[in-house]
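Report on one structure; see the data block that follows.
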2 protein chains.
Amino acid sequence: MNTDDTVTIYDVAREAGVSMATVSRVVNGNKNVKENTRKKVLEVIDRLDYRPNAVARGLASKRTTTVGVVIPDITNTYFAALAKGIDDIAEMYKYNIVLANSDEDDEKEVAVVNTLFSKQVDGIIFMGYHLTEKIRSEFSRSRTPVVLAGTVDVEHQLPSVNIDYKNATADAVRHLLKRNKKIAFVSGPLVDDINGKIRLVGYKEALKAAGVNYSEGLVFESKYRYDDGYALAERLVSSKATAAIVTGDELAAGLLNGLADHGVSVPEDFEIITSDDSQIARFTRPSLTTIAQPLYDLGAISMRMLTKIMHKEELEEREVLLPHGLTERKSTRKK
Amino acid sequence: MNTDDTVTIYDVAREAGVSMATVSRVVNGNKNVKENTRKKVLEVIDRLDYRPNAVARGLASKRTTTVGVVIPDITNTYFAALAKGIDDIAEMYKYNIVLANSDEDDEKEVAVVNTLFSKQVDGIIFMGYHLTEKIRSEFSRSRTPVVLAGTVDVEHQLPSVNIDYKNATADAVRHLLKRNKKIAFVSGPLVDDINGKIRLVGYKEALKAAGVNYSEGLVFESKYRYDDGYALAERLVSSKATAAIVTGDELAAGLLNGLADHGVSVPEDFEIITSDDSQIARFTRPSLTTIAQPLYDLGAISMRMLTKIMHKEELEEREVLLPHGLTERKSTRKK
DNA sequence: TTGTAAGCGTTATCAT
DNA sequence: ATGATAACGCTTACAA
């Protein structure tokens with residue numbers, strides 16, 4: 001017996017009158033064990049309340065059955081929705097998740113990825129607003145598989161799952177264009193937000209195709225939070241825009257309420273389409289018309305891809321684009 | 001050299017002309033190393049790009065520097081807000097977090113806690129709607145420290161961080177009582193929601209103190225989601241209640257919008273106070289008056305307590321109650 | 001200040 | 001079908 005109460009595979013072996021190898025076999029479901037000894041071992045395991053030590057297992061087998069998930073902000077409904085999908089599939093494939101908050105900070109991002117590596121995670125799901133060169137090089141000099149979720153890689157190096165943000169945005173703008181000429185593009189900080197930039201391209205393309213002039217004065221860059229959207233209302237009003245495509249739901253909710261408090265009624269005087277398709281868009285009054293995107297699936301499928309890579313299975317597609325749409329609610333007018 | 005490219009502490013030792021013990025010492029910041037050798041080792045570590053294997057470290061030291069966090073639903077803004085606080089403090093103390101989703105399911109809860117144990121986490125933060133006997137026994141037969149966050153232990157066995165839900169609710173009801181006689185209590189499923197039950201007690205006490213009769217007909221039990229709240233509106237209308245204390249923000253938002261769609265105006269015809277103090281309460285129109293509670297701190301302080309226990313420091317208090325209040329917004333009338 | 005060597009609790013490779 | 005035994009990469013007495 002040990003000095004403390006931790007019971008090891010060795011205790012079980014001795015108690016069951018077999019070798020630790022055999023115990024290991026039954027624990028791991030190896031077929032090469034006589035039914036009788038399996039029973040006996042199982043009985044001892046139960047009696048001693050033996051629980052395999054996953055750390056020792058990880059060291060010996062070089063597989064930890066845990067994956068790292070890098071998330072910029074857990075309280076962001078968009079990322080939380082993806083995380084839910086990731087988690088469900090991870091559980092399905094018996095992986096645990098170590099959550100690494102990057103706080104939208106480039107340096108911290110590198111730091112957490114490194115501790116993830118040191119923890120010997122079997123794979124990583126990465127969510128972020130962009131891919132720095134630094135993080136890219138961290139990924140490439142490691143053999144640990146990485147899949148991007150809701151994060152596009154403009155260099156097409158890493159496997160990823162996204163929707164076509166450019167066309168989704170263009171579709172939304174086109175919808176607005178039916179009844180508006182001056183359409184604002186409202187987003188968070190674009191400097192290091194790849195998705196945001198791609199959306200801006202979609203915005204421009206839609207305008208161009210409709211023969212509407214693009215004006216920088218109609219691009220409003222701020223932060224992603226509710227209060228930022230609220231504060232933006234005033235500027236939107238003086239811009240004479242009559243509609244806006246907004247790249248985040250909290251931001252859109254803030255803008256909506258801010259507009260209302262400036263006496264602008266949505267959708268009569270001003271139309272809004274938001275982009276995240278999170279629950280928030282349903283809570284506001286009027287409820288927000290939004291680009292439709294399968295948040296849960298974005299996460300779920302990225303995790304599924306990761307399991308395939310970890311298990312050395314063939315990947316049909318390295319860059320998955322999920323379908324998008326438009327959910328019309330009350331912040332846009334009919335026809 | 002190894003066959004594959006993983007560089008170990010042994011490689012560094014050989015390359016630097018010292019023993020692995022010395023390398024271990026510099027990696028762990030042990031003072032007993034001559035400045036010169038430290039420099040040399042550090043140089044080699046850098047050159048070889050050596051990264052300590054946390055799994056091996058964990059096995060040898062019996063400390064993994066990771067804590068498990070059990071969360072019923074990551075997309076729930078309430079829990080996500082706590083998780084943020086937990087995560088920030090964990091990072092501050094150099095702990096990583098393995099997130100375990102319990103899905104509000106008793107069996108799954110036990111399962112995830114067990115895999116957390118098998119992963120040798122140094123501690124656990126537990127969030128849930130209640131504490132089953134099963135989970136309680138899992139916790140007590142393990143030496144791994146556990147702290148409850150936003151989860152009360154009616155048996156006062158486990159350390160916890162909460163607000164005084166009973167009095168917070170009573171305060172809110174008292175506020176409603178100034179202008180209403182028929183006040184509804186709207187909650188999620190009470191069967192296994194300890195906090196909900198405690199809130200109900202607060203509701204009853206406030207009524208009693210005001211000499212208002214308690215009526216079961218004014219207690220509305222449903223689920224916690226937006227749609228459930230929305231659906232409840234009709235029943236609330238026919239109950240003749242003129243106000244409601246609601247135990248969840250999504251639920252309250254649904255109720256609010258449902259009421260509006262039934263031609264009931266809030267706060268003129270009906271007053272609502274919600275309980276979570278999450279962002280959601282600010283997004284709705286009218287915005288929701290809510291019990292004020294320090295969500296982030298609830299998580300942060302529970303994690304701080306856990307670090308103290310893990311480091312064998314003294315705990316001043318085993319059951320922390322954080323202050324609560326009332327944030328008046330637009331779903332209640334003035335005076 | 002530094003080195004030696006015995007674990008830590010498994011898995012995995014050979015034998016048998 | 002089962003058992004020895006050597007890794008796995010590190011920490012930690014204990015010596016020196």
Side-chain angles (χ1 to χ4, degrees), chain A residues 1-42 44-45 48-66 115 117-122, chain B residues 1-42 44-45 48-66 115 117-122:
Chain A
M1 262 301 182
N2 299 284
T3 49
D4 62 11
D5 65 354
T6 56
V7 8
T8 75
I9 199 173
Y10 186 76
D11 297 321
V12 176
R14 187 171 25 66
E15 201 73 8
V18 299
S19 75
M20 39 194 299
T22 299
V23 177
S24 175
R25 286 189 188 97
V26 348
V27 167
N28 291 292
N30 189 313
K31 291 277 116 191
N32 289 23
V33 181
K34 204 160 54 179
E35 195 46 37
N36 235 334
T37 58
R38 177 187 307 280
K39 274 218 181 75
K40 188 172 52 183
V41 171
L42 251 18
V44 174
I45 286 179
L48 265 45
D49 193 26
Y50 164 69
R51 297 143 183 245
N53 179 326
V55 174
R57 234 209 266 243
L59 182 57
S61 69
K62 292 174 172 303
R63 303 185 325 101
T64 54
T65 65
T66 102
T115 89
F117 283 146
S118 81
K119 298 256 176 184
Q120 314 297 119
V121 294
D122 295 339
Chain B
M1 261 302 183
N2 300 283
T3 49
D4 63 11
D5 65 354
T6 56
V7 9
T8 74
I9 199 173
Y10 186 75
D11 298 320
V12 176
R14 187 173 24 65
E15 201 73 9
V18 298
S19 76
M20 38 192 300
T22 299
V23 177
S24 175
R25 285 190 189 98
V26 347
V27 168
N28 291 293
N30 189 314
K31 291 276 115 192
N32 290 21
V33 180
K34 203 160 55 179
E35 196 46 37
N36 234 332
T37 58
R38 178 189 307 281
K39 273 217 182 76
K40 188 172 54 183
V41 170
L42 250 18
V44 174
I45 285 180
L48 264 45
D49 194 26
Y50 164 69
R51 298 143 182 246
N53 179 326
V55 174
R57 231 208 267 242
L59 183 58
S61 68
K62 293 177 172 300
R63 303 185 323 102
T64 54
T65 64
T66 102
T115 88
F117 283 145
S118 81
K119 298 255 177 184
Q120 314 298 119
V121 294
D122 295 340

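Labels below follow one simple rule: chain letters A, B, ... track the order of the sequence lines, proteins then strands, and each chain is numbered from 1.
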Proximity to DNA chain C (any heavy atom under 4.0 Å), residues of residues 16-27 of chain A only: A:Met20, A:Ala21, A:Ser24
With a 4.5 Å cut-off on side-chain heavy atoms, are [Y] and [X] touching?
{"X": "A:Ile9", "Y": "A:Val27", "answer": "no"}
{"X": "A:Val18", "Y": "A:Val26", "answer": "no"}
{"X": "A:Val12", "Y": "A:Val41", "answer": "yes"}

Residues from residues 29-37 of chain A lying under 4.0 Å of DNA chain D - heavy atoms: A:Asn32, A:Val33, A:Lys34, A:Thr37
Interatomic distance, [X] [atom1] vs [N] [atom2] [rounded to whole Å]:
{"X": "A:Arg63", "N": "D:dC8", "atom1": "CZ", "atom2": "P", "value": "17 Å"}
{"X": "B:Leu59", "N": "C:dC8", "atom1": "CG", "atom2": "C1'", "value": "4 Å"}
{"X": "B:Lys119", "N": "C:dT10", "atom1": "NZ", "atom2": "P", "value": "14 Å"}
{"X": "B:Tyr50", "N": "D:dC10", "atom1": "OH", "atom2": "C1'", "value": "7 Å"}
{"X": "A:Ile45", "N": "C:dG9", "atom1": "CD1", "atom2": "P", "value": "16 Å"}
{"X": "A:Ile9", "N": "D:dG3", "atom1": "CD1", "atom2": "P", "value": "12 Å"}

Could you state the interatomic distance from [atom1] ([X]) to [atom2] ([Y]), rounded to the nearest 0.5 Å?
{"X": "A:Arg57", "Y": "B:Gln120", "atom1": "CZ", "atom2": "CD", "answer": "11.0 Å"}
{"X": "B:Arg51", "Y": "B:Thr6", "atom1": "CZ", "atom2": "OG1", "answer": "12.0 Å"}
{"X": "A:Leu42", "Y": "A:Thr37", "atom1": "CG", "atom2": "OG1", "answer": "10.0 Å"}

Sugar-phosphate, base or nothing in reach of A:Arg51, heavy atoms under 4.0 Å: sugar-phosphate
Distance-only polar pair, side chains of A:Thr22 and A:Lys34, donor-acceptor under 3.5 Å: no
Any donor-acceptor pair under 3.5 Å from A:Lys119 side chain to B:Thr64 backbone: yes
Under 3.5 Å: donor-acceptor pair, side chain of B:Asn30, backbone of B:Asn32: yes
Shortest non-hydrogen contact from A:Ala13 toward A:Ser19: CB-C, 3.6 Å
Exercise: identify the closest heavy-atom pair between A:Leu48 and A:Val7: O-CG1, 3.5 Å
Just to confirm, is there a sub-4.0 Å distance from OP1 or OP2 of [N] to any side-chain nitrogen or oxygen of [X]?
{"X": "A:Lys62", "N": "D:dG9", "value": "yes"}
{"X": "A:Asn28", "N": "C:dT11", "value": "yes"}
{"X": "B:Tyr10", "N": "D:dA7", "value": "no"}

Estimated bend of the helix from C:dT1-D:dA16 to C:dT16-D:dA1 (axis per five terminal pairs, rounded to 10 degrees): 30°
